[in-house]
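Protein chains get the first letters and strands the later ones, always in sequence-line order, with residue 1 at the start of each.
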2 protein chains.
Amino acid sequence: MKKSDQASFLPVVRELSRTYQAFEQFASYNIRRLGLTPPQFDVVTTLGNSQGMNCKELSDHTLITKGTLTGVLDRLEDKGIVVRSMQPNDRRSVFVALTPYGQELFSQAFPAHLDYMHNAFQQFGEQDLSGFCNELGRLRASFSQALEQQESEPA
Amino acid sequence: MKKSDQASFLPVVRELSRTYQAFEQFASYNIRRLGLTPPQFDVVTTLGNSQGMNCKELSDHTLITKGTLTGVLDRLEDKGIVVRSMQPNDRRSVFVALTPYGQELFSQAFPAHLDYMHNAFQQFGEQDLSGFCNELGRLRASFSQALEQQESEPA
DNA sequence: TATTGTTATACTCTATAACTATA
DNA sequence: TATAGTTATAGAGTATAACAATA
């Protein structure tokens, strides 16, 4: 019997995609009302929960690759939300932080977004939530591991 | 206490995003080797598991909106993978199906992709998998419902 | 030599809405 | 009037690689 004949994991894959799409739709419905795209919002919240960081760290946190990040930051800078500055200690590095306006946006929009997201979780208790986290974590670990295996193999 | 102060669902949201990203990376690593993008692959597998369908049905299955679908189909047609034809019964409708080459691609690539995906699920048993589906399904239902609520509210 | 970030290129997808041809 | 699909527009993210400045 070929492996593909017993693809009992297929429903999981389908369900994961559908669930993420539903989440993405729900979340971005609110995010776009702020005039932001999801990647932009991701950057703003990452910066908002820190004192600022360089592009490399920002890229690691958001999983946005450096080439793309330049464009995202450009657009956020145009909107006056973030500011770039040079670092004296390492002059290759660019320090990125929220502007005062960006901080105001963050401190207003982030709690509001949490309240919004809360609507989707009202029916779940602590136990449900930690159950979700566990299951998702198991899946994620497995995908990461499988990808690493692939990448380390000869093409 | 404000709702946002007790955001115990935040880890779930983060974990769902990370998990999906890990899945997406893992899956697309293989899909791109076929010279396809994930949306294109989605269309190919949807068509491959059917006798063909019109754009409306295809859009419903893949969740790709009609405007985007036109472009995706254009590129698949350029590659000789799908073919569009008119329907005599409803001349507004366009029937989309795999070409013989597209069918060959599908019948070779789809099982291969399942075998590839299988690598990420080896460690899970039937019970794990159905557990994942249940949890994901609960989440999805909740997101869908919450979005509907939002959309029905006065902006 | 390796790293940080920008630039360049070319493509792909997205959202939105106007448009056509049918029904 | 409503529906199916295309077209138009403008933007935004993606992958990739070359590049400049710095370490």
Next on the checklist: Is A:Thr37 close enough to D:dG11 that one of its side-chain N or O atoms is under 4.0 Å from OP1 or OP2 there?
Outcome noted: no
Next on the checklist: From the set D:dA15, D:dA23, D:dT7, return the single nucleotide nearest to any side-chain atom of B:Thr70.
Outcome noted: D:dT7
Checklist entry - DNA chain C: B:Gly71 or A:Asn54, which has the more 5' nearest nucleotide? => result A:Asn54
Next on the checklist: Rounding to an integer number of Å, can you tell me how far A:Phe41 CZ sits from D:dA12 P?
Outcome noted: 17 Å
Checklist outcome for this item: Atom CG of B:Leu69 and atom P of D:dG5 are separated, to the nearest Å, by 9 Å
Checklist outcome for this item: note: A:Arg92, atom CZ; D:dA23, atom P; distance rounded to Å ~ 7 Å
Item to check | Rounded interatomic separation in angstrom, taking CG from B:Leu73 and C1' from D:dG5 | outcome: 10 Å
Checklist entry - Taking the side chain of A:Val94 as its heavy atoms from C-beta onward, which of C:dC13, D:dT6, C:dT6 lies nearest to it? => result C:dT6
Item to check | Per A:Arg75 side chain, nearest of listed nucleotides D:dT6, D:dT22, D:dA12 | outcome: D:dA12
Checklist entry - For the pair made of CD in B:Glu57 and P in D:dT3, what is the distance, rounded to whole Å? => result 16 Å
Next on the checklist: OP1 or OP2 of D:dG5 versus the side-chain N and O atoms of B:Arg84: is any pair under 4.0 Å?
Outcome noted: no
Checklist entry - Are side-chain heavy atoms of A:Phe110 and A:Leu105 found at a separation under 4.5 Å? => result no
Checklist entry - Which nucleotide in the set D:dA4, D:dT14, D:dT22 lies at the smallest distance from any side-chain heavy atom of A:Ile64? => result D:dT14
Checklist entry - A:Phe124 vs A:Phe132 aromatic rings, parallel, tilted or perpendicular, using cut-offs 30° and 60°? => result perpendicular
Checklist outcome for this item: From CZ of A:Arg32 across to C1' of C:dT16 the rounded distance in Å is 12 Å
Checklist entry - Contact class for B:Gly67 (heavy atom, under 4.0 Å): base, sugar-phosphate, or nothing? => result base
Checklist entry - Between D:dA23, C:dC13, C:dA23, which one does the side chain of B:Arg91 approach most closely? => result C:dA23
Checklist entry - Once you round it to whole Å, what is the distance between C1' of D:dA2 and NZ of B:Lys66? => result 11 Å
Item to check | Distance below 4.0 Å between A:Ser93 side-chain N/O and D:dT22 OP1 or OP2 | outcome: no
Next on the checklist: Please determine whether a side-chain nitrogen of the Lys or Arg among B:Arg138 and B:Glu135 lies less than 4.0 Å from a carboxylate oxygen of the Asp or Glu.
Outcome noted: yes
Checklist entry - Contact class for B:Asp74 vs. all strands (heavy atom < 4.0 Å): base, sugar-phosphate, or nothing? => result nothing
Checklist entry - Counting only heavy atoms not in B:Glu104, do more than 12 sit closer than 6.0 Å to its CD atom? => result no
Next on the checklist: With a sphere of 6.0 Å drawn around NZ of B:Lys79, does it hold more than 12 non-hydrogen atoms of other residues, nucleotides or ligands?
Outcome noted: yes
Next on the checklist: From CZ of B:Phe95 over to C1' of D:dT6, roughly how many Å is that when rounded to an integer?
Outcome noted: 19 Å
